[in-house]
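Just so you know, these numbers use all the heavy atoms, side chains as well, and skip hydrogens, waters and symmetry mates.
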Amino acid sequence: MGDSAICINPKDERFTHLKGKKAIVPLCDRVIPIIEDTYVDMEFGTGCLKVTPAHDINDKALGEKHNLEIIDIFNEDASLNSFGLHYQGKDRFVVRKEISKELEEKGFLIKTEQHINKVGTSERTKAVIEPRLSDQWFLKMEDLAKPALDAVLKTNEVKLFPKKFENTYRHWMENIRDWNISRQLWWGQQIPAFYFGDGHEDFVVAETMEEALELAKFKSGKADLTSADLRQDADVLDTWFSSWLWPISVFGGILEPENEEIQYYYPTNDLVTGPDILFFWVARMIVSGYEYRDERPFENVYFTGLVRDKQRRKMSKSLGNSPDALKLIEDYGADGVRVGLLLSAAAGNDLMFDESLCQQGKNFANKIWNGFRLVKGWEIEDLPQPEASKLGIEWYTAKFNATLLEIEDHFSKYRISDALMSIYKLVWDDYSSWLLEIIKPAYQKPIDKTTFNAVINLFEQNLKLLHPFMPFLTEEVWQHITERTPEEALMVSQWPKTVTVNEDILTGFNFAADIVAGVRTIRKEKNIPMKEALSLSVLNTEKASKEWDTVIRKLTNVDTIDYVDVAVDGALTFRVKSNEYFIPMEGAIDIEAEKIKIAEELKYTKGFLMSVQKKLSNERFVNNAPEQVIAIERKKLADAEAKIETLEKSLASLG
RNA sequence: GGGCUCUUAGCUCAGUUGGUUCAGAGCACCUGCCUUACAAGCAGGGGGUCGAAGGUUCGAAUCCUUCAGGGCCCA
């Protein structure tokens with residue numbers, strides 16, 4: 001009944017004879033054209049498509065192209081209207097059955113076939129949706145969008161993090177369509193349009209009924225209109241049509257554009273939201289900001305990822321796959337859950353939720369607490385500060401400052417998970433595994449006051465870095481360190497300031513750490529318990545500073561470090577750069593095994609040397625690469641050559 | 001269909017302007033330790049030709065092209 005043409009594919013030879021002809025719609029006896037369009041799939045069904053522009057989106061497009069009549073056969077409740085003829089007033093599903101019966105009775109029905117096709121349904125009610133033409137209000141977007149487009153892509157007044165969303169933003173804004181702002185819902189803000197007649201243009205737009213009446217009298221020319229003659233549009237505004245004002249309206253800036261709050265707070269700094277509403281909300285807020293205040297609404301937009309389950313499904317109520325947040329907090333602690341999720345939540349990337357992430361967060365919290373317990377348990381005395389402790393403190397201070405620079409850099413780029421990972425490693429590896437082991441007094445021995453005060457201070461600095469990520473634990477520990485007034489709470493303390501980093505001490509420590517690892521590896525390989533003290537001899541080709549020896553001895557349980565001029569016989573060996581280290585052992589050393597080990601190291605280093613040499617002998621590399629890169633390669637070359645010399649010597653000394 | 005995006009260790013993922021923070025992290029795995037803060041731990045270790053094929057470059061996980069396979073959005 002709503003059909004206004006039959007469409008065939010012009011290439012379809014079966015229907016060549018029908019071109020340019022007309023057809024009669026059964027039951028209503030309407031004459032409709034037979035049109036041709038390649039849109040029709042010849043393989044599907046009969047190859048003849050009936051076109052219903054009023055009730056199908058594709059048919060609507062086809063109808064516009066071929067200038068077809070649009071016949072709306074439905075009432076608003078999906079019962080048939082007068083175009084439904086004798087079915088008028090009946091429900092669509094009832095009519096569907098009755099029509100097929102009538103067609104059959106009158107001999108119009110030739111064949112019935114089953115087809116599977118996609119039918120849109122309401123998400124809430126599951127009702128089958130019938131497309132139907134209606135009048136809607138639109139907001140003209142093109143001019144509005146221009147400043148918002150420039151703000152993100154040209155002037156950078158508004159920055160998106162991560163940057164990749166700028167491409168998506170551009171595509172949307174450059175192809176922007178007018179915004180349909182009317183919704184057929186019973187809740188929301190009613191559209192302030194008032195109709196005074198049946199004509200398409202018989203309306204006025206006004207803030208109040210009184211104003212509308214005045215306007216309507218003027219527009220209609222009827223001075224005797226009353227408010228009873230006016231009918232406000234029943235549609236309400238799209239929910240985003242109020243949301244796009246959010247940055248302004250939270251400060252009352254729409255009704256009172258000059259008020260103190262909005263003058264002070266607008267524009268804000270950061271908006272944190274999900275990438276799925278980049279268009280709906282973020283882009284439109286930027287548009288409204290420039291439109292109503294001539295200024296960006298915010299400076300930065302940080303897009304979080306979506307939390308998904310292990311099967312990559314979105315968390316949803318219907319799937320019931322959302323974790324119970326309170327249960328998680330109970331199991332892993334609020335800070336543990338937070339850290340676990342943040343560690344793997346890079347901006348704009350989805351996060352596969354897994355409880356093991358929270359477990360990691362909880363373990364970290366536990367680590368911090370235990371570190372605090374250790375320090376808090378020490379007895380303090382007025383003792384001279386051991387050399388190792390002094391060095392350890394100096395080194396960690398440098399390390400802390402270096403990491404702080406790193407963290408500031410991450411924060412400045414909104415790389416939140418990277419910032420957290422830097423802190424995680426600083427606290428777990430550098431502070432707990434290295435520093436605390438360096439300064440730890442012997443069992444049941446007191447610690448000197450200088451070191452204690454220094455380590456407490458450093459621990460407090462750690463807590464400051466941790467606080468944004470673990471607010472509860474850190475504040476708790478902070479209050480345990482000493483009595484604090486509310487003004488001295490961690491929450492309101494000063495964030496550490498960046499200072500110049502002592503790079504030399506970091507380099508020196510790294511060398512020492514390599515030596516420590518070397519000794520530990522030997523202990524491990526030869527099953528030498530930590531309790532058994534060792535002695536270490538060094539062939540100091542590198543002329544490495546001896547100042548770290550106290551630290552090395554403490555961390556490896558080495559009694560003495562001897563500096564020797566010739567290789568030590570009957571010893572286990574390892575090398576750091578071109579330095580060779582010897583651990584003399586009672587009993588037989590497996591010389592063959594040592595030789596194999598050294599030969600392997602030699603082979604690897606020679607291969608490495610070759611690759612560096614090749615690079616440096618390439619003229620184009622030397623001519624084109626930056627000075628700094630070449631210098632690095634030269635250093636690699638020198639280091640490798642020195643190491644090879646050492647290895648060859650020790651191989652020779654083993655016979 | 002259009003646009004965007006992703007593919008890196010067994011798993012989940014970082015990797016910023018091409019070059020020493022470049023092949024990484026956590027988990028998992030293997031080995032040894034109940035060492036005196038922490039076994040929810042410590043110390044070692046194995047594991048990836050960075051989706052495939054081309055190209056640009058002195059140099060590519062990184063830039064370009066094509067292909068394959070995922071994901072997101074489409075008012």
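- Protein atom CG of A/L426 is 15 Å distant from nucleotide atom C1' of B/rU21, rounded to whole Å.
- For A/F279, the side-chain atoms get nearest to B/rC73 when compared with the rest of B/rC73, B/rA75, B/rU20.
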Report task. Start with the C-alpha gap between A/T573 and A/E594, add the side-chain angles, then the distance that decides, and say whether side-chain hydrogen bond (donor to acceptor under 3.5 Å, both in side chains) holds. Result -> CA-CA 8 Å; A/T573 66; A/E594 283 289 302; 3.0 Å; yes
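- Among the protein residues, A/N175 comes within range of the nucleic acid bases, having at least one heavy atom under 4.0 Å from a base atom.
- Computed from coordinates, the A/L357 CG to B/rC27 P distance equals 11 Å when rounded to whole Å.
- Atom CE of A/M421 is separated from atom C1' of B/rG24 by 10 Å (rounded to the nearest Å).
- Look at the P atom in both B/rG19 and B/rA60: the space between them is 11 Å, to the nearest Å.
- Under a 3.5 Å cut-off, the side chain of A/R553 and the backbone N or O of A/D559 do form a donor-acceptor pair.
- Distance noted for atom C1' between B/rC50 and B/rC13: 13 Å (whole Å).
- Spacing of C1' atoms, B/rA68 relative to B/rG54, comes out at 15 Å, to the nearest Å.
- The side chain of A/E406 lies closest to B/rU21 when the candidates are B/rU21, B/rC74, B/rC58.
- Counting any heavy atom pair closer than 4.0 Å across all strands shown, A/K376 reaches no nucleic acid atom.
- The aromatic rings of A/F400 and A/Y396 are tilted relative to each other, their planes meeting at an angle between 30° and 60°.
- For the pair A/H410 and A/E525, nearest-nucleotide mapping onto RNA chain B gives the more 5' position to A/H410.
- Under the ring-ring contact (aromatic ring centres under 6.0 Å, His included) rule, A/W179 has a single partner from A/W137, A/F241, A/W172, which is A/F241.
- The gap from the P atom of B/rC4 to that of B/rC42 amounts to 46 Å, rounded to the nearest Å.
- Note: A/T521 OG1 to A/D514 CG = 10.0 Å, rounded to the nearest 0.5 Å.
- In plain terms, the two heavy atoms of A/N557 and A/K531 that are nearest each other are ND2-O, 3.2 Å.
- B/rA28 sits 24 Å from B/rC6 when the C1' atoms are compared, rounded to a whole Å.
- Straight-line distance between the C1' atoms of B/rU21 and B/rU5: roughly 27 Å, to the nearest whole Å.
- Checking A/K413 against A/N180, the closest nucleotide of RNA chain B that is more toward the 5' end is the one next to A/K413.
- Rounded to a whole Å, the CD atom of A/Q360 is 5 Å from the P atom of B/rC27.
- Between the side chains of A/Y424 and A/D429, no donor N or O sits under 3.5 Å from an acceptor N or O.
- The C1' atoms of B/rU17 and B/rA61 are separated by 16 Å, rounded to the nearest whole Å.
- Comparing the P positions of B/rC30 and B/rC72 gives a spacing of 36 Å, expressed to the nearest Å.
- The distance from atom CZ of A/F280 to atom C1' of B/rC72 is 12 Å, rounded to the nearest whole Å.
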Requested in this report: Encode nucleotides 29-43 of chain B as B, S and - characters from 5' to 3', where the letter depends on protein heavy atoms closer than 4.0 Å: B to the base, S only to sugar-phosphate, - to neither.
Outcome: --BS---BBB-BSSB
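- A/N618 places its CG atom 13 Å from the P atom of B/rU57, with the value rounded to the nearest Å.
- In this structure, the side chain of A/R523 engages the main chain of A/E532 through a donor-acceptor pair within 3.5 Å.
- Residue A/D418 is classed as a sugar-phosphate contact, given heavy-atom separations below 4.0 Å to backbone atoms only.
- Ring orientation note: the planes of A/W395 and A/F509 are close to parallel, at an angle under 30° on the 30°/60° scale.
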Report summary line: Parsed dot-bracket for RNA chain B after applying the Watson-Crick and G-U rules with both distances under 3.5 Å and | for other-strand partners is (((((((..((((.....[....)))).(((((.......))))).....(((((..]....)))))))))))).
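- Using modelled atom types, one finds a donor on one side chain and an acceptor on the other under 3.5 Å when comparing A/Q136 with A/S134.
- When distances are taken from the side chain of A/R415 to each of B/rU16, B/rA75, B/rC58, the shortest belongs to B/rU16.
- Rounded to an integer number of Å, the gap from A/D409 CG to B/rU17 P is 12 Å.
- Between A/L436 and A/Y431, the closest side-chain pair of non-hydrogen atoms falls below 4.5 Å.
- Between A/I632 atom CD1 and B/rG59 atom C1' the separation is 13 Å, expressed in whole Å.
- Looking at heavy-atom distances under 4.0 Å, A/P626 makes contact with a base.
- Note that NZ of A/K445 and NZ of A/K440 are 14.5 Å apart. Values are rounded to the nearest 0.5 Å.
- Dashed line: the shortest gap from a side-chain N or O of A/N167 to OP1 or OP2 of B/rU5 is under 4.0 Å.
- Among the heavy atoms of the strands lying under 4.0 Å from A/W172 is at least one base atom, whether or not backbone atoms are also near.
- Counting non-hydrogen atoms under 4.0 angstrom, A/S356 reaches nothing in the nucleic acid.
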